[in-house]
Student: 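Dumping the structure here so I can ask a few things about it.
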Amino acid sequence: MKKEDIQNLKIGVIGGGFAGSTAGLALSRIGADVKVYEQAPKSGEVGAGIGLRPATVKLFKKLGVFEAIEKVTSPSDYFEILDAKGNVLNREVWPHLEEGGEKHNTRMIHRRDFVDALHSQLPEGVLQLGHRAEEITDNGDSVTVKFTDGTEETFDVLVGADGIKSKVRALWSDSQPVPAYAHAYRAVIDGSLGEGLLIDDNLRMYLDTETGGMIYFLPLRHRGENGQISFDITFPHPDTTWNPNVSQEEVLEMCRNFDERLLKIIAKLDWATVNQRAAADLDPQEQWNTDAVVLIGDAAHAMLHHQGQGANSAVLDAGVLADCLVSEDSVPAALNKYTELRKEPVQELQRISRESWDAESAGKTAFPEKEKIDY
Ligand SMILES: Cc1cc2nc3c(=O)[nH]c(=O)nc-3n(C[C@H](O)[C@H](O)[C@H](O)COP(=O)(O)OP(=O)(O)OC[C@H]3O[C@@H](n4cnc5c(N)ncnc54)[C@H](O)[C@@H]3O)c2cc1C
């Protein structure tokens with residue numbers, strides 16, 4: 001689309017998480033009149049870390065916001081998978097870490113720092129906190145949104161970045177989160193409580209092949225005097241309650257096969273600060289857009305966290321959406337092109353993430369997606 005046409009586009013983004021905030025950045029960079037509406041009055045991210053992959057890092061460099069993100073991250077070279085006792089099953093450098101003579105290390109980041117860094121880079125007035133979309137009407141070539149504070153806005157394009165339980169998606173889909181019959185218990189702890197395991201900036205995943213339990217040990221060495229560790233225990237569990245309440249004793253019992261240093265870390269966790277969440281994803285969605293509405297991030301393709309690709313995919317969606325508005329002739333063509341480009345790779349990641357890990361797959365490669373996805 002021509003620059004003047006993009007400048008005349010009024011775009012509403014529902015959700016100010018990783019997808020929506022990146023969309024706010026990418027769409028404002030191409031000149032659109034964009035606002036991001038987030039229901040929370042302030043950042044409410046849970047205490048946990050994630051890894052921003054090389055493709056995500058490259059996008060942030062392109063958008064000119066990498067410096068702000070770099071400041072609150074540590075650079076990682078590889079992902080290591082170990083068995084429950086700490087024997088290495090696989091160690092692989094992050095795909096596409098070095099390209100064009102430049103390194104784009106995966107960056108280890110705390111979720112809250114990530115959202116705060118993205119928000120800090122949004123132009124003045126783009127982020128509208130405390131705005132919950134309540135009623136959405138797709139008028140064909142525009143979209144009207146009523147917010148819970150009684151205000152109403154009409155947009156040329158509405159971007160649904162409102163997560164796995166998306167209200168925007170409900171315009172055409174009755175898909176609900178699909179329980180994975182697994183729990184994630186997550187905490188961020190001081191490096192001094194790491195039983196000597198915090199040795200560098202690389203992500204480690206300990207896999208108990210007997211029970212299917214996993215411990216993700218994600219270093220955040222740039223945080224605090226001693227560095228910090230994002231410690232994430234994932235276990236099969238029949239309880240599908242969204243926020244389960246499992247005791248420390250029960251988790252210790254589940255984790256009995258793990259290295260005793262990991263057991264000591266669990267025993268010392270302040271259980272009141274541990275975030276408990278039932279894992280869930282979405283079935284692949286047939287429809288991602290209409291002529292004026294488009295889904296990005298978890299709203300379109302929530303996936304299980306076993307490949308660490310949900311947030312990364314959400315961010316990349318936003319970049320591709322902005323590119324498509326520039327490259328295509330009209331809004332409907334741009335939204336269709338975006339769906340065409342993103343649906344296949346992301347649905348492959350959803351599929352692989354559902355497969356989770358076992359000794360055989362972990363022994364083969366740390367990145368099972370790389371045969372089909374070239375970024
Ligand atoms: C245990 C666990 C571990 C994970 N680990 C990783 C990892 O290591 N790497 C990785 O890449 N991904 C990981 N993920 C996945 C990642 O968290 C998600 O894919 C990512 O948060 C999706 O971002 P999003 O912006 O699409 O959605 P969300 O983060 O869900 O954000 C949606 C936003 O929309 C807002 N909202 C919702 N409804 C409304 C409304 N009606 N009006 C206004 N605002 C609204 C919400 O408040 C929220 O801020 C993990 C997920 C889990 C559960």
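In each ligand, atom 1 is the first atom listed, and ligand 1 is the first ligand listed. Just so it is clear, the structure is predicted and the values come from calculations on it, not from any experiment.
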Student: Please tabulate, one line per pair, the protein nitrogen or oxygen atoms found under 3.5 angstrom from a nitrogen or oxygen of ligand 1, with distances to 0.1 Å, or say none if there are no such pairs.
Tutor:
residue, atom, partner, partner atom, Å
ligand 1, 9 (N), Gly308, O, 3.3
ligand 1, 11 (O), Gly308, O, 3.1
ligand 1, 11 (O), Gly310, N, 3.3
ligand 1, 11 (O), Ala311, N, 2.8
ligand 1, 11 (O), Asn312, N, 3.2
ligand 1, 11 (O), Asn312, ND2, 3.2
ligand 1, 12 (N), Gly310, N, 3.4
ligand 1, 12 (N), Ala311, N, 3.0
ligand 1, 17 (O), Arg111, NH1, 2.8
ligand 1, 17 (O), Arg111, NH2, 2.9
ligand 1, 19 (O), Asp298, OD1, 2.7
ligand 1, 19 (O), Asp298, OD2, 3.4
ligand 1, 19 (O), Gly310, O, 3.4
ligand 1, 19 (O), Ala311, N, 3.3
ligand 1, 21 (O), Arg111, NH2, 3.3
ligand 1, 25 (O), Phe18, N, 3.2
ligand 1, 25 (O), Ala19, N, 2.9
ligand 1, 26 (O), Asp298, N, 2.9
ligand 1, 41 (N), Ala133, O, 3.1
ligand 1, 42 (N), Ala133, N, 3.0
ligand 1, 44 (N), Gln39, N, 3.1
ligand 1, 47 (O), Glu38, OE2, 2.7
ligand 1, 47 (O), Gln39, NE2, 3.0
ligand 1, 49 (O), Glu38, OE1, 2.6
ligand 1, 49 (O), Glu38, OE2, 3.2

Student: Search all heavy atoms of Gln121 against all heavy atoms of Ala68 and return the closest pair with its distance.
Tutor: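 Heavy atoms of Gln121 and Ala68 come nearest at NE2-CB, 3.3 Å.
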
Student: Salt-bridged, Glu153 to Lys10, with N to O below 4.0 Å?
Tutor: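 Counted as a salt bridge, because a side-chain N and a carboxylate O are separated by less than 4.0 Å.
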
Student: Within 45° of the ring axis of Tyr78 and under 6.0 Å from its six-membered ring centre, is that where the NZ or CZ of Arg91 lies?
Tutor: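 Because its charged atom sits under 6.0 Å from the ring centre and within 45° of the axis, Arg91 does stack over Tyr78.
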
Student: Between Lys364 and Glu360, does any NZ, NE, NH1 or NH2 come within less than 4.0 Å of an OD or OE carboxylate oxygen?
Tutor: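 Yes, Glu360 and Lys364 are salt-bridged.
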
Student: Does Lys62 NZ have over 12 foreign heavy atoms under 6.0 Å away?
Tutor: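 Open.
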
Student: Go through the structure and list residues passing salt bridge (Lys or Arg N to Asp or Glu O under 4.0 Å) with Glu135, not counting sequence neighbours.
Tutor: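 Only Lys146 meet the salt bridge (Lys or Arg N to Asp or Glu O under 4.0 Å) criterion with Glu135.
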
